[in-house]
Each structure stands twice: as structure tokens, then as C-alpha cells.
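Atoms within each ligand, like the ligands themselves, are counted from 1 in listed order.
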Amino acid sequence: METTTDLAQAPLREPAGLQIYVNGEWSEGRGATLVSANPARPGEIVAHGAEAVASDVRAAMAAARSAAPGWARTPMHERGAVLVRAAEYLESNSEAWGLELAREEGKTLAEGIGEVARAAQILRYYGNEGDRPAGEVFSSPRRGERILVTRRPLGVVGVITPFNFPIAIPAWKIAPALIYGNTVVFKPASLVPLLAMRLVQALEAAGLPAGVLNLVFGSGELGNELVEHPDLDGLTFTGSTGVGRTLSGKAALRGLPVQAEMGGKNASIVLADADLELAVGQVLFGAFRSSGQKCTATSRLILQEEIADEFLERLQSRLQEWVVGDPVDPATHMGPVVSAAAADEIRAAIRTALDQGAKLVCGSTPDPADGGISLATGSFLTPSVLEIPAGDAAENIVWREELFGPVLAVRRAANVQDAFDLANESEFGLSAAVFTQDATRILDALDELDVGILHINSESAGADPHVPFGGTKKSGYGPKEQGSAAREFFTHTTTVYLRGGSSA
Ligand code: UN1
């Protein structure tokens with residue numbers, strides 16, 4: 001592994017100011033100080049301001065409630081035009097905001113710019129929803145009648161988003177919420193408030209009416225305030241399994257529709273006939289891009305025994321050239337994880353995994369004194385590959401738990417069925433990847449693998465805006481996201497028995 005620029009030498013940039021947005025007005029939060037720091041350079045403040053307080057959430061809810069009828073009555077094409085203009089605004093700012101994203105979250109500059117462009121693509125997709133079918137028509141068993149299924153917005157939707165896609169995930173929740181006529185109170189992860197503010201700024205610049213989208217920064221307490229507010233009509237959440245289950249439980253107790261996208265422990269399976277060059281490259285991207293901080297990241301690798309040694313050698317040699325360092329340096333492949341606290345947790349999990357019998361294939365031991373490298377400090381981690389010998393492997397933390405970092409757990413499979421069984425050996429079922437050129441194996445994978453997203457010969461991460469996104473088993477709760485699937489969550493249906501009205 002290589003490293004890039006000496007971060008201590010680079011000049012510090014000026015921090016941006018953070019403001020909350022309620023009923024079309026920007027204002028200073030009145031709560032605790034909120035500081036967004038660069039995980040690559042802890043001394044560099046990317047943005048600062050203050051959190052909202054409970055009364056701001058109540059004001060945001062009131063604004064969203066009073067804006068709801070007018071927004072719902074606005075023709076979908078007009079709502080869509082706002083989203084398309086916001087997409088253009090994001091595109092014209094993608095370089096500057098992509099840089100802010102890389103500094104705030106720690107993914108590379110190329111990924112940061114790509115994510116802003118992706119948010120624009122999502123806004124554009126939903127911006128064109130008015131051109132697509134708006135419901136269904138059924139025939140009726142009765143003469144002179146048709147049965148229509150039309151859609152109504154839920155009303156006021158709470159949007160709670162994680163740190164790892166600071167603008168794309170907010171866009172993929174807020175865009176469908178808005179196009180289907182809902183109003184929104186948005187609480188982003190406190191680690192990445194600046195990009196959340198940029199998205200709201202783009203929608204404001206695009207002409208979104210006051211009150212339709214409201215932004216509050218704050219901790220989990222504000223999330224609770226939101227989910228417990230009597231005026232909330234639905235909640236969409238992406239983040240950790242623990243928080244997702246708690247919020248889903250609270251929403252369900254109140255009879256609210258909820259959509260929660262939570263954990264993953266995604267397997268890539270490399271079968272003996274796979275193109276190893278292709279597979280190594282894709283596994284590398286799936287496991288280590290964005291420092292492994294994607295719910296769709298490859299965190300388990302299952303190798304068919306015949307090719308396991310060769311695959312691991314190739315992976316090791318590719319990782320030797322993998323550059324970890326300043327995310328804004330174009331030579332960097334992988335930046336830090338999002339915070340020093342996250343890095344500490346991941347290091348502790350690696351330590352546990354080694355104690356539980358995993359073997360380090362490559363990476364460094366978490367302790368620099370054991371031969372670890374100097375970057376394995378602060379928020380930086382070395383990409384790590386750990387092989388778990390057969391036996392009680394299923395209990396190993398690195399096989400079982402989502403660590404949300406650049407850590408890949410490897411197991412060997414005796415045959416194809418064994419490989420599929422190992423992949424299914426998880427409480428989660430978000431995504432998987434299978435590498436093979438054999439059509440029979442591909443068709444078997446479709447039948448065997450219990451996942452919401454299956455990549456054949458490509459990395460386990462990645463999602464297009466026009467197709468459903470979400471997992472099976474405990475990865476998700478409620479309707480799926482993206483594409484026309486999003487409509488299931490963001491609308492109620494009305495079944496209309498329609499007759500002409502004349503007795504003649
Ligand atoms: C992707 O695979 O590019 O939180 C998107 C996450 C997912 C999005 C993954 N909701 O990582």
C-alpha cells in the first residue's frame with residue numbers, strides 16, 4: 001500500500017457556515033454547536049454552525065403540514081420541473097460540492113464529484129415522473145364501469161439519512177417524496193451537514209415553495225422528536241440496523257408507514273471458471289471504494305477452493321498498489337473512514353476477529369507495533385483481508401457483523417452449492433456478486449441467493465435510479481426504494497369505481 005501527500009503541509013481551507021431551513025427561511029440553529037471536520041485532517045473544519053432544537057422540529061413540521069395541500073395540488077409536471085432545475089443546479093456545482101463532499105465525508109474527490117452528479121441524475125429521473133403512467137385501469141364486472149387505481153401523497157414525510165452518501169441518499173429519498181406530492185422534514189447525519197445543506201439550496205434555487213422541504217440538523221434525539229410528532233405521515237430512513245429498528249418500531253406503534261434501509265453483509269462469490277482478472281478488480285472496488293462504507297460494499301468473499309490461492313495472491317498484489325491518503329489528491333484510491341471513532345471501532349473488531357481465529361491475508365494488524373503502518377492511525381485504516389478457516393467461522397465477528405469499513409472476510413467453498421450456502425449464511429440480504437461465465441451457474445445463483453440486489457460479474461455496490469433498491473431478510477423494512485418501487489412507499493392508492501353518472 002502506498003500513501004500520498006503529507007496532509008500536515010497542505011493549506012487549510014475556510015469553513016462554510018451551516019444553517020437550518022424552516023418554512024423557506026435560513027437561520028442559525030439554537031442547539032449545541034455543530035462542527036463538520038475533515039476526517040483526513042482533524043484540525044480542518046469543513047463547516048460549522050449549530051444544531052436545531054426540538055421547537056425547530058415542531059416549526060418544521062408545522063411548515064411542512066401547511067405547505068402540504070398546495071404542493072399536492074401542484075401538477076406533477078410542475079413539481080417535476082423544480083426537480084429538473086435542481087438537477088441542473090447540482091450539475092453546475094458538481095466540482096465544488098464534490099470537493100466539499102470529499103473533505104466532509106472522506107471519500108475520494110472522483111467519488112465525491114460522481115456522487116453529486118448521481119444526485120442530479122436521481123432528481124432528473126423523478127423530475128420526469130409526470131411523463132410516466134400515474135396509476136392503473138382495470139375492467140369492471142359491471143357494464144358501464146371502469147375501476148381505476150390512482151395515487152395520493154402520504155402527506156408529511158420524515159427523511160433521516162446516513163453519513164456515507166451525504167447527497168445521493170438524501171436525493172433518492174427527497175426526490176420521490178416531492179414528486180409524489182409529499183412535503184418533507186429532513187434530518188441528515190450530523191457528520192455530513194454541509195452536503196445536505198447544498199441539496200436543499202439547489203432545490204430552493206430551483207423554485208421549491210416555502211415549507212415543502214425543511215432541514216434540521218441534530219442528534220438522534222431530534223430524530224425521535226420527528227418520529228413522535230403527531231403530524232408525521234411517514235418515515236424513510238437509511239442507516240444502522242439498531243437505529244433503523246428502533247425508529248421503525250416507534251413508527252409502527254403509531255401506525256405510520258415506514259421504509260428503513262439498514263445493514264448488509266454482502267458476499268462476492270468467485271467460482272472456479274471466473275475471469276480472475278475481472279473478478280479481482282471488481283472485488284477490490286466493491287470492498288474498498290469509499291473505504292468500504294457502503295451498505296452494498298463487499299464485506300465477504302467466497303472463493304471456490306480451486307482458485308482461492310491464486311485469487312488471494314492477485315488481490316494482494318493489487319492492494320500493494322492501492323493508495324491510501326488525502327481524498328482530494330487525484331492519486332488516492334481510498335481516503336479515511338468517516339471519523340476517528342469509527343476507525344477505532346473497526347480496529348477493535350479486527351482485533352476480535354484475529355482473536356477468534358481469523359488470519360490476516362493482507363493489510364496490517366491494527367497495532368502499529370505489530371508491523372502496522374503509520375497511516376493506521378486517526379481515521380485512516382489499511383484495507384484488510386482476513387481469511388477465516390473452516391470450523392466455527394460462522395461465529396467470527398468479521399464474517400457476521402457489518403463493520404462498515406475496508407475489511408474483507410474470506411472463506412473457501414468446496415463446491416458451487418457450498419459457495420451459495422455460505423453467501424446465504426447471514427441475517428442480511430442486501431446485495432451479492434457472483435463471478436462466473438457459466439450460464440447454468442448464473443441461473444442457479446438467481447434461484448439460490450436470497451438477496452435484493454444481485455450483480456453477475458460486477459461489484460456488489462452500485463445502484464441505478466430507475467430500478468428497485470433494497471434487501472431481503474433483515475436488510476430492510478417496508479417498501480423498496482428507487483424507480484417505480486419508491487411510489488409504493490411515498491403514496492397511498494385510491495381504488496376508484498367509476499361510472500358515467502347518467503341514468504339514461
Ligand atoms: C451504492 O451501492 O452505490 O447506504 C448505493 C448505502 C446504500 C446505497 C448504496 N443505501 O450505502
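- Close approach to A461 involves these atoms of ligand 1, each under 4.0 Å from a residue heavy atom: 2 (O).
- Classification of E387 and R412 as a salt-bridged pair holds, one side-chain N sitting under 4.0 Å from a carboxylate O.
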Start with the C-alpha distance between E488 and K480, add both sets of side-chain angles, then the distance that settles salt bridge (charged side-chain N to carboxylate O under 4.0 Å, His left out), and finish with yes or no. CA-CA 8 Å; E488 298 307 317; K480 293 206 171 174; over 6 Å; no
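- Taking the side chain as every heavy atom from C-beta outward, P383 and V324 approach each other to under 4.5 Å.
- Residue contacts with ligand 1: N164 is placed with a nitrogen or oxygen under 3.5 Å of a nitrogen or oxygen of the ligand (distance criterion only).
- Side chains of T298 and S460: a donor on one and an acceptor on the other come within 3.5 Å.
- Looking from atom 9 (C) of ligand 1 to the surrounding protein, the closest heavy atom is T296 OG1, 3.6 Å.
- Remark: E104 does not engage R198 in a salt bridge, criterion side-chain N to carboxylate O under 4.0 Å.
- To the nearest 0.5 Å, atom CZ of residue R318 and atom NE2 of residue H333 are 8.5 Å apart.
- Counting heavy atoms under 4.0 Å from ligand 1, residue Q293 does not touch it at all.
- Under 4.0 angstrom from ligand 1, the non-hydrogen atoms of W172 all belong to its side chain.
- Between P162 and ligand 1 there is no heavy-atom distance shorter than 4.0 Å.
- For ligand 1, the polar-atom distance check against G462 finds a nitrogen or oxygen pair separated by under 3.5 Å.
- No part of E115 comes within 4.0 Å of ligand 1, judged by heavy-atom distances.
- Residue K294 approaches ligand 1 through these ligand atoms, each under 4.0 Å from one of its heavy atoms: 11 (O).
- Residue contacts with ligand 1: C295 is placed with a nitrogen or oxygen under 3.5 Å of a nitrogen or oxygen of the ligand (distance criterion only).
- Near E261, meaning under 4.0 Å from one of its heavy atoms, ligand 1 places the atoms 7 (C), 10 (N).
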Could you pull out all donor-acceptor pairs under 3.5 Å where a side-chain atom in residues 399-407 meets a protein atom, sequence neighbours excluded?
residue: W399; atom: NE1; partner: E425; partner atom: OE2; Å: 2.9
residue: R400; atom: NH1; partner: E395; partner atom: O; Å: 2.4
residue: E402; atom: OE2; partner: G264; partner atom: N; Å: 3.1

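- For a threshold of 3.5 Å applied to N or O pairs, the pair formed by T238 and ligand 1 contains no separation below that value.
- Note: Y126 and Y180 have perpendicular aromatic rings, judged against thresholds of 30 and 60 degrees for the angle between ring planes.
- With salt bridges taken as basic N to acidic carboxylate O contacts below 4.0 Å, one links R132 and E129.
- The shortest heavy-atom distance from R118 to ligand 1 is under 4.0 Å.
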